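Nothing here was measured: the structure is a model prediction, and the numbers come from that model. For this chain, numbers begin at 1 and follow the sequence in order.
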Amino acid sequence: MSPRRTRTGGLIDRARTIRFTFDGESYTGHAGDTLASALLANGVSLAGRSFKYHRPRGVFSAGIDEPNALVTLLREGVREPNIPATQIEIYDGLRTESQNRFPSLAWDLGAVNQLGGRLIGAGFYYKTFMGPVIGPLKGTRFWMMCEHFIRRAAGLGRADYEADPSRYERVNAFCDVLVVGGGIAGLMAAEAAAKAGKRVILAEQEPQTGGFARWSDETLDGKPAHQWVAELTERLTRFDTVRLLPRTAVWGYYDGNTLAALERVHDHVARTPKGHARQRHWTIRARDVVLATGALERPIVFPGNDRPGVMLAGATRRYATEFGVLPGNRTIFFTNNDSAYEAAVAIKRAGGHIAAIVDVRPRIGDAATALATEAGVVPLTGHAVAGTKGSRALSGALVQAFDAETGRLSGEARPLECDSLAVSGGWQPVLHLASQAGAKPVWDEDNQAFLPPEPAQRWTGAGAFLGKFSSADALASGRDAGLKCASKRPSRARLPEIAPEARNPAPAPVLEIRGRGKAFVDFQHDVTADDVRLAHREGFVSVEHLKRYTTLGMATDQGKTSNVPGLAIMAAARGITIPKAGTTRFRPPYSPVAIGALAAERYGDLKPERFTPMHDWHVEHGAEMTPAGLWHRPLVYASAGETVEQAYIREAAAVRRSVGIVDVSTLGKIAVKGPDAATFLDRVYTNTFSTLKVGKARYGLMLREDGIAFDDGTTWRLGETDFLMTTTTANAGAVMQHLEYCLDVLWPDLRVHLTSVTDQWAGAAIAGPQARAVLERCVTGTKVDNETLPFMGIVHGQIDGALVMICRLSFSGERAYEVYCGAGHGQHVWEALMEAGEPFDITPYGMEALGALRIEKGHVTGAEIDGRTTARDLYLDWMLSKKKPFIGSGLMDRPALIDRNRLRLVGIVSLDGQKLGGGAHLVERGSSDEPGESIGHVTAYCYSPALQKYIGLALVRGGKARHGTRVLLSDPLRRRFGQVEVVSHHFFDPDGERMHG
């Protein structure tokens, strides 16, 4: 048997022995053990080294709040650092390493840092920025010398350079009620909501539900608490409307009751099954949320409180009761509240020896006295632990008389032998999610803790989260929370009977014992009580400044055990109360989340990839795909032996000759709705949209505030207060941000709602002389003749049973129509259009042909709207309204923006039959070796099937004034130097007869 494993008891499976390694040494444990419980069972007290001083550290807690025992997991060929040993379920073949030590955990050369403790106190890295004057090291030179060493020392675990082979998944889920926390409060809430017919998701970060009930000595309705919980969990699994998510930590609470969670799907097995996800990231949108996140025990700060063997009292209780592990052979309990007495009884019942119970309170209640008697000790009330002894393991504690009123020690310190010291400074409800949801916590004097704020979103609290620490309160508040989410009144039905009676968890307001030696507040970042007081002396008194100057609460545990003690010390230094000192903001994530889990299926990509609904059709029909912004779009549909140029010339010629079809699903689409929608559009567009009739579309131009062209597109009026705006593919996100800024900051009084609907619509553009004939063969429910569907008109109909919206507009200069349908019907409608176009030899075309068609017509895109051009530069000044102001109108007439010598849009034609080149410069004179001064540059070019020559668009000094002149094209990168003619940018059908015909 392992040195500290109890002979009986615990919820582990003693029949299953599991082998694992830690720092190369082999150990055994049992199914149900965590790495922390298994190491403790094997007598391993030293688990890691601290960040700054490399002090020896042992297991401190039993859950997600563990600050000390962080290990590197060696799994599937890669290293994963900084994993709490308390969160790792052991399995056969598990390999782990300790961190932040060299050459070994027992003998670490980095421990020499303890000798220079005063030099690396709070803010030492900031002070190196200024630096002392030591010979040539002046000012920042000292920082440059220190930077190398500081950066090498940063962090605890060592990241891997190998690619992560694990597979991750993302899931979007919707529910009526999300219950966060699977203790008895959360389980009661889930059952109450489920019985009311609600769809429920219950997320619990531990492998099993039950929470505190799994290691308490209580009975519910005469059954052990863990058994009662198991039966309730089983009942929940029978509801079709309930989804239980064990091993799932909800780590972020966002607007609109959207919460983020991470499910550890296969972290508890040696190897993830092929094709399965190791972890799954959940985005959960809930109508109502029940926060039953419980509470975390906090320590008391005293000298030597970080030695291996010092542990939270609640953790010792859990290790003994759930895992059958004793924290030591002789345990001292140090407390300011009654809960440590319950832990002492649990250790005694498990076969451990209680050396003493040290209580800062001068008097204790009858319940605590009875528990002390059962534990076999007489508590030392009015005393405190003033220090500890030991090196790499605890060997004793120094106990001294203590006055809780004045906070002072008196008399001689009394040494007591022990190898385990269990500390309890009270309990802090886990408020992270509630605070993330948008409100500040409220201080409660009785519990000496921050309690939840008034809800800023639709959440309801239950159990210890509310500062109600008894099981009776957890049962009642949990059931009431579930009923509230179901819009029902609290129930008067009988709750399970609980034994024994609840004890008083209210602590004395003592969170620090001041004495000689280092007393640690933040164990992971080695922040001491003296560091907090140093921050006060140096002026960093705000809690947010305290956090950043000392790094208190900035480690991977996010201050779960250090936050309140640190605030108490700062408040005392300032001579104010804790609520006046305030608390730092809780930011997501609540617990660390792997970047791979956030990226999920897109892991390994530098940016997201987006596919249109017709993507598979394009690939199956030979399309060569190319990125366009975040999207993948067909470049060309090349036939066998065709080059890209040959393919797009053929495709563009087919459009001019008969009819072509192109996928335009990627265009940005924004629904603009509300009573003030037309007014809003008048302000953001240079031209007027309030006069646009329902069922019509209009081309619009937006400027930036500085008068520079920003984006163009068409906007369709679908109803009096309902518009659909389209934007360029690459600029869709930027336009949405711009519009939201306008509504949030410039005109918050406007009654307008914006929704990005790009992904909701699939779009196909039919262009060419036979475009109308194609639609007439497949569209039902509406006519598409010239009278019913004039230029810029909109009609609604069906294509092969799918509802469609058709607008007659043209990017190619041909008679053309854009056909939109729901994204789910995209390929179906596309194939129906292709079938209807077969008699006319309909040709799918890609971006190259699309570009050639638009260049022939002289339409501008992002190549010309490049962040430097104005509406006048692009000869779009006819769109600048003189009857209304709009964004950019105040600055668009600055002298530099109306200078006649600005670069303006022109067309160019190659005179030597050679290709042009995007970005090539235009010069008036010179040679290929010594070209003259640039007068402009080429923005786009193509071979024109209509003109049978290479043409392009360019921005040239003087613009129209140069029509009919000849200049030189200089492109040294492509070794091209030749003559071109400057012409109008309207190469093809300048009067628009083909488009309007």
Q: Would you please name every residue forming a side chain to side chain donor-acceptor pair (under 3.5 Å) with H281, sequence neighbours left out?
A: W251
Q: Under the side chain to side chain donor-acceptor pair (under 3.5 Å) rule, collect the residues that match up with D23, sequence neighbours excluded.
A: S98, R101
Q) Just by distance, do the side chain of D160 and the backbone of R79 share a donor-acceptor pair under 3.5 Å? A) yes
Q: Drop me the distance from D217's CG to R317's CZ, to the nearest 0.5 angstrom.
A: 5.0 Å
Q | Polar contact flag, side-chain donor to acceptor under 3.5 angstrom, R214-H226 | A | no
(Q) Quick one, E601 with R170, criterion salt bridge (charged side-chain N to carboxylate O under 4.0 Å, His left out). Give me CA distance, side-chain angles, the key distance, then yes/no. (A) CA-CA 7 Å; E601 294 86 356; R170 284 179 295 182; 3.3 Å; yes
**Q.** Side-chain H-bond candidate by donor/acceptor type, R307 with T388, under 3.5 Å
**A.** yes
**Q.** Contact check, side chains of D176 and R199, non-hydrogen atoms, under 4.5 Å
**A.** yes
Q) Measuring from Y319:OH to I347:CD1, what's the distance to the nearest 0.5 Å? A) 11.5 Å
Q) Checking side chain to side chain contact (heavy atoms under 4.5 Å, CB included) against L40, which of T34, V59, D33, L35 comes through? A) V59
Q.
With no hydrogens and no angle check, just 3.5 Å: does a side-chain donor-acceptor pair link Q99 and T72?
A. yes
Q) Can you tell if the side chain of D557 reaches within under 4.5 Å of the side chain of F523, non-hydrogen atoms only? A) no
**Q.** Main-chain N/O of I18 paired with D92 side-chain donor or acceptor, under 3.5 Å
**A.** no
Q | Inter-residue atom distance N305.CG - I300.CD1, 0.5 Å rounding | A | 10.0 Å
Q | Candidates R318, R247, R264 - the one meeting salt bridge (Lys or Arg N to Asp or Glu O under 4.0 Å) with E206 | A | R318
Q: Could you check V177 against K198 for side-chain contact (heavy atoms from CB on, under 4.5 Å), going step by step and ending with a plain yes or no?
A: CA-CA 7 Å; V177 182; K198 300 300 180 182; 4.2 Å; yes
(Q) Under a plain distance cut-off of 3.5 Å, with no hydrogens placed, do S339 and W427 share a side-chain donor-acceptor pair? (A) yes
**Q.** Result of checking T556, I83, N82 against P592 for side chain to side chain contact (heavy atoms under 4.5 Å, CB included)
**A.** T556
Q: Would you confirm whether S420, through its side chain, and T331, through its main-chain N or O, come within 3.5 Å as a donor-acceptor pair?
A: no
Q: Report, as yes or no, whether the 6.0 Å neighbourhood of atom CG on N172 holds more than 12 heavy atoms from other residues, nucleotides or ligands.
A: yes
Q: Taking all heavy atoms of A286 and all of L178, pick out the closest pair and write down the distance.
A: CB-CB, 3.8 Å
Q. Closest heavy-atom contact between A313 and A343?
A. O-CB, 3.4 Å
Q: Using atom types as modelled and distance alone, determine if a side-chain donor or acceptor of D473 lies under 3.5 Å from a backbone N or O of K468.
A: no
Q: Check step by step if salt bridge (charged side-chain N to carboxylate O under 4.0 Å, His left out) holds for R235 and E231.
A: CA-CA 6 Å; R235 290 201 302 272; E231 292 175 359; 5.2 Å; no
Q. For Q205, what residues pass the side-chain contact (heavy atoms from CB on, under 4.5 Å) criterion, not counting sequence neighbours?
A. I64, A249, Y590
**Q.** Between T28 and T17, a side-chain donor and acceptor under 3.5 Å
**A.** no
Q: Report yes or no: does N563 contribute a side-chain atom to a donor-acceptor pair with the main-chain N or O of K560 at less than 3.5 Å?
A: no
Q. Will you find, in the side chains of S477 and D480, an N or O donor that is under 3.5 Å from an N or O acceptor?
A. no
Q | Backbone N/O of T21 and side chain of T96: donor-acceptor pair under 3.5 Å | A | yes
Q | Nearest-0.5 Å distance, CD1 of residue I357 to OG1 of residue T335 | A | 8.5 Å
Q | Closest non-hydrogen atom pair, P246 against P207 | A | CB-O, 3.4 Å
Q: Specify the closest pair of heavy atoms between F60 and P299, including all atoms of both residues, with the distance to one decimal.
A: CZ-CB, 3.7 Å
Q. Taking atom types as modelled, is there a side-chain donor on S166 or Q279 under 3.5 Å from an acceptor on the other?
A. no
Q: To the nearest 0.5 Å, tell me how far Y253 OH sits from I284 CD1.
A: 11.5 Å
Q. Would you say the side chains of R4 and S37 form a donor-acceptor pair under 3.5 Å?
A. no
**Q.** Any donor-acceptor pair under 3.5 Å from R49 side chain to A106 backbone
**A.** yes
(Q) Less than 4.5 Å apart, side chain to side chain, heavy atoms only: is that true for F465 and L431? (A) yes
(Q) Donor-acceptor pair, distance only, cut-off 3.5 Å: does the side chain of N42 make one with the backbone of A38? (A) yes
Q) Using a distance-only test with no angle check, is there a side-chain donor-acceptor pair under 3.5 angstrom linking D164 and Y168? A) yes
Q. Between T6 and G9, is there a donor-acceptor pair closer than 3.5 Å when you use the side chain of the first and the backbone of the second?
A. no
**Q.** L326 to A350 - nearest heavy-atom pair and separation
**A.** CD2-CB, 3.8 Å
**Q.** Side chain proximity check, R479 to L187, heavy atoms < 4.5 angstrom
**A.** no
Q) What is the minimum heavy-atom distance between G461 and L466, and which atoms define it? A) O-CD1, 3.5 Å
Q. Does NZ or CZ of R57 lie under 6.0 Å from the centre of the six-membered ring of F520, at an angle within 45° of the ring axis?
A. yes
Q) Would a distance-only check, ignoring hydrogens and angles, find a side-chain to backbone donor-acceptor pair under 3.5 Å from E297 to G314? A) yes
